[in-house]
Enquirer: 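So that we are looking at the same thing, I have put the structure below in structure tokens.
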Protein chains: 2
Amino acid sequence: MSQSDTVRRILDTAEVLFAQKGFAETSLRAITGKAGVNLAAVNYHFGSKEALIQAVFERYLTPFCQALSVKLRELELDDGPLSLERLLTVASRLALGSGTEEPRRAMVFFRLAGQAYSQPQDHLRAYLRKHYGDVFNQFTTLLRRTAPDVPPVELFWRVHFSLGAVIFTLSGMESLQTISKKDFNRSVSASDIAQHLLPFVVGGIKGN
Amino acid sequence: MSQSDTVRRILDTAEVLFAQKGFAETSLRAITGKAGVNLAAVNYHFGSKEALIQAVFERYLTPFCQALSVKLRELELDDGPLSLERLLTVASRLALGSGTEEPRRAMVFFRLAGQAYSQPQDHLRAYLRKHYGDVFNQFTTLLRRTAPDVPPVELFWRVHFSLGAVIFTLSGMESLQTISKKDFNRSVSASDIAQHLLPFVVGGIKGN
DNA sequence: ATCGCCGCCAAACGTATGTTTCAAACGTTT
DNA sequence: AAACGTTTGAAACATACGTTTGGCGGCGAT
């Protein structure tokens with residue numbers, strides 16, 4: 001077993017388990033057990049559990065934010081009027097990707113983001129803000145252009161509300177699965193959610 | 001110290017600490033220590049930590065849902081056209097109350113709700129659904145009347161998105177406090193949030 | 001071939017948690 | 001006032017956790 005294989009298997013397993021159960025409720029023994037590696041491997045390769053959590057985020061977020069930044073730059077240079085729908089569609093398409101595996105990972109990651117916000121992982125919040133704050137600002141700036149009528153303060157709130165809508169929804173996915181199946185007799189996928197989410201967010205950002 | 005006093009002090013302290021740090025991260029020793037009662041008191045009065053969590057929810061939710069149900073029944077019997085704004089305002093007013101202490105407790109409770117959703121407290125989800133599902137359905141039925149153009153499936157989603165917006169926002173309050181203060185040089189209160197939230201939810205429910 | 005490094009493993013360590021125990025204190029009833 | 005059930009108190013218990021340790025094995029460089 002090569003080195004990178006152990007590291008990758010730890011990251012893969014931790015990603016799923018953290019999203020499923022949260023950080024505090026996921027023990028290193030559960031991770032290493034399911035990953036088929038030794039318990040000490042986490043502390044050896046990552047140093048601590050905290051560092052592992054950060055590494056999980058970094059592996060997903062760094063390539064995504066780089067790609068997003070490029071897409072946003074394209075939109076910035078595009079002189080024509082930028083619609084809110086377009087901006088959101090670009091971001092959503094990027095998250096959902098073109099393959100079959102990306103939507104699942106996007107869902108997993110958003111659940112992770114939810115855990116990061118609702119649990120007191122201060123180190124994580126600081127880390128995220130430090131490393132990915134720029135892309136967030138880039139997005140916000142662009143968003144302001146699509147909704148010039150909305151005051152910046154209001155826009156700030158509505159962005160947070162929108163984030164909450166998506167993260168909260170994906171965090172409770174499996175219970176939503178149950179409810180939705182029972183009440184409407186149909187299952188849900190990540191692109192389903194995106195489809196329903198878009199008009200809600202657009203309406204919410206624009207306001208009553 | 002009478003019996004109810006010990007129970008109440010445990011509940012008061014647990015409510016705050018659970019909301020601040022989450023369920024798993026809040027130890028019984030932290031609760032009993034801050035409450036000034038003996039460690040064994042929790043297991044004596046409530047039976048287990050799980051039961052304590054449920055009791056915290058019950059103490060807040062039962063009177064609130066009863067009051068909400070009454071208010072909703074009034075709206076049901078009102079024959080005139082019911083606006084979405086009106087319905088949401090009624091619910092919001094009830095949660096924020098008339099006193100000075102209620103907004104704080106409402107914030108605390110919504111943070112608790114966030115914890116309940118993002119952490120795998122299956123027993124809690126089942127408990128909430130079992131005891132308060134009726135009031136939720138009552139609200140949903142009334143909501144459908146205020147937005148007859150929106151298909152029920154779509155409405156189902158948008159309710160969840162809205163719930164996510166408020167719960168997520170309040171769950172991250174203290175970090176929002178920091179951001180908001182830094183970026184816009186003003187603090188935020190529960191009624192602030194409600195004020196910003198209303199147009200967002202109204203716009204979101206109605207759609208693009 | 002040998003040395004040194006790196007990754008892996010089983011085991012143990014120290015700590016914190018939820019829970020249980022049992023005697024003492026309290027309050028109510030008789 | 002005595003007896004009883006109820007509540008509190010300090011301590012211990014069992015368990016699970018994150019982390020550390022020291023030895024073992026392979027592999028490339030010297």
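Reminder, nothing fancy here: chain letters follow the sequence lines and each chain counts from 1. Remember, predicted model here, so these are calculated numbers, not experimental data.
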Enquirer: Taking only N and O in the side chain of A:Thr6, is any of them less than 4.0 Å away from OP1 or OP2 of C:dC8?
Expert: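 Answer is yes, contact under 4.0 Å.
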
Enquirer: Mind telling me whether A:Trp157 and B:His196 have parallel, tilted or perpendicular rings, with 30° and 60° as the class edges?
Expert: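 B:His196 vs A:Trp157 ring planes: parallel.
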
Enquirer: Output the rounded distance in Å from CD1 (A:Ile31) to P (D:dC17).
Expert: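 In whole Å, D:dC17 P lies 11 Å from A:Ile31 CD1.
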
Enquirer: Let me know the distance between CZ of A:Arg8 and P of C:dG7, rounded to the nearest Å.
Expert: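 Nearest whole value for this atom pair: 16 Å.
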
Enquirer: What is the separation between atom CD1 on B:Ile10 and atom P on D:dT8, rounded to the nearest whole Å?
Expert: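 Result: 8 Å.
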
Enquirer: Under the 3.5 angstrom rule, does the side chain of A:Ser69 hit a backbone N or O of A:Cys65 as a donor-acceptor pair?
Expert: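 Here the side-chain-to-backbone pair does not exist.
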
Enquirer: Is any NZ, NE, NH1 or NH2 atom of the basic residue among A:Glu101 and A:Arg104 found under 4.0 Å from an Asp or Glu carboxylate oxygen of the other?
Expert: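 Counted as a salt bridge, because a side-chain N and a carboxylate O are separated by less than 4.0 Å.
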
Enquirer: Is it true that B:Arg105 and B:Glu15 make a salt bridge, defined as a side-chain N closer than 4.0 Å to a carboxylate O?
Expert: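 Judged by the 4.0 Å cut-off on N to carboxylate O distance, B:Arg105 and B:Glu15 do form a salt bridge.
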
Enquirer: Under 4.0 Å, counting only non-hydrogen atoms across every strand here, what does A:Ala40 touch: a base, just sugar-phosphate, or nothing?
Expert: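 Here A:Ala40 touches the bases of the nucleic acid.
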
Enquirer: Using nucleotides 13-18 of chain C, report all nitrogen or oxygen pairs with the protein that are shorter than 3.5 Å.
Expert:
from   : atom 1 : to      : atom 2 : distance (Å)
C:dT17 : OP1    : B:Ser27 : OG     : 3.4
C:dG18 : OP1    : B:Lys49 : NZ     : 2.6
C:dG18 : OP2    : B:Leu28 : N      : 2.8
C:dG18 : N7     : B:Arg29 : NH1    : 2.8
C:dG18 : O6     : B:Arg29 : NH2    : 2.9

Enquirer: Is there a side-chain contact between B:Leu112 and B:Tyr60, using heavy atoms and a 4.5 Å cut-off?
Expert: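 B:Leu112 vs B:Tyr60: side chains apart.
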
Enquirer: Counting just side-chain N and O atoms, does A:His45 come under 4.0 Å of either OP1 or OP2 of C:dC8?
Expert: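 For C:dC8, OP1/OP2 do have a side-chain N/O of A:His45 under 4.0 Å.
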
Enquirer: Could you tell me whether the phosphate oxygens of C:dA10, OP1 or OP2, come under 4.0 Å of any side-chain nitrogen or oxygen in A:Asn38?
Expert: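 The answer is yes; a side-chain N or O of A:Asn38 sits under 4.0 Å from OP1 or OP2.
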
Enquirer: Take A:Gln20 and A:Glu25 through the test side-chain contact (heavy atoms from CB on, under 4.5 Å) and record every step on the way to the result.
Expert: CA-CA 9 Å; A:Gln20 267 177 5; A:Glu25 291 85 350; over 6 Å; no

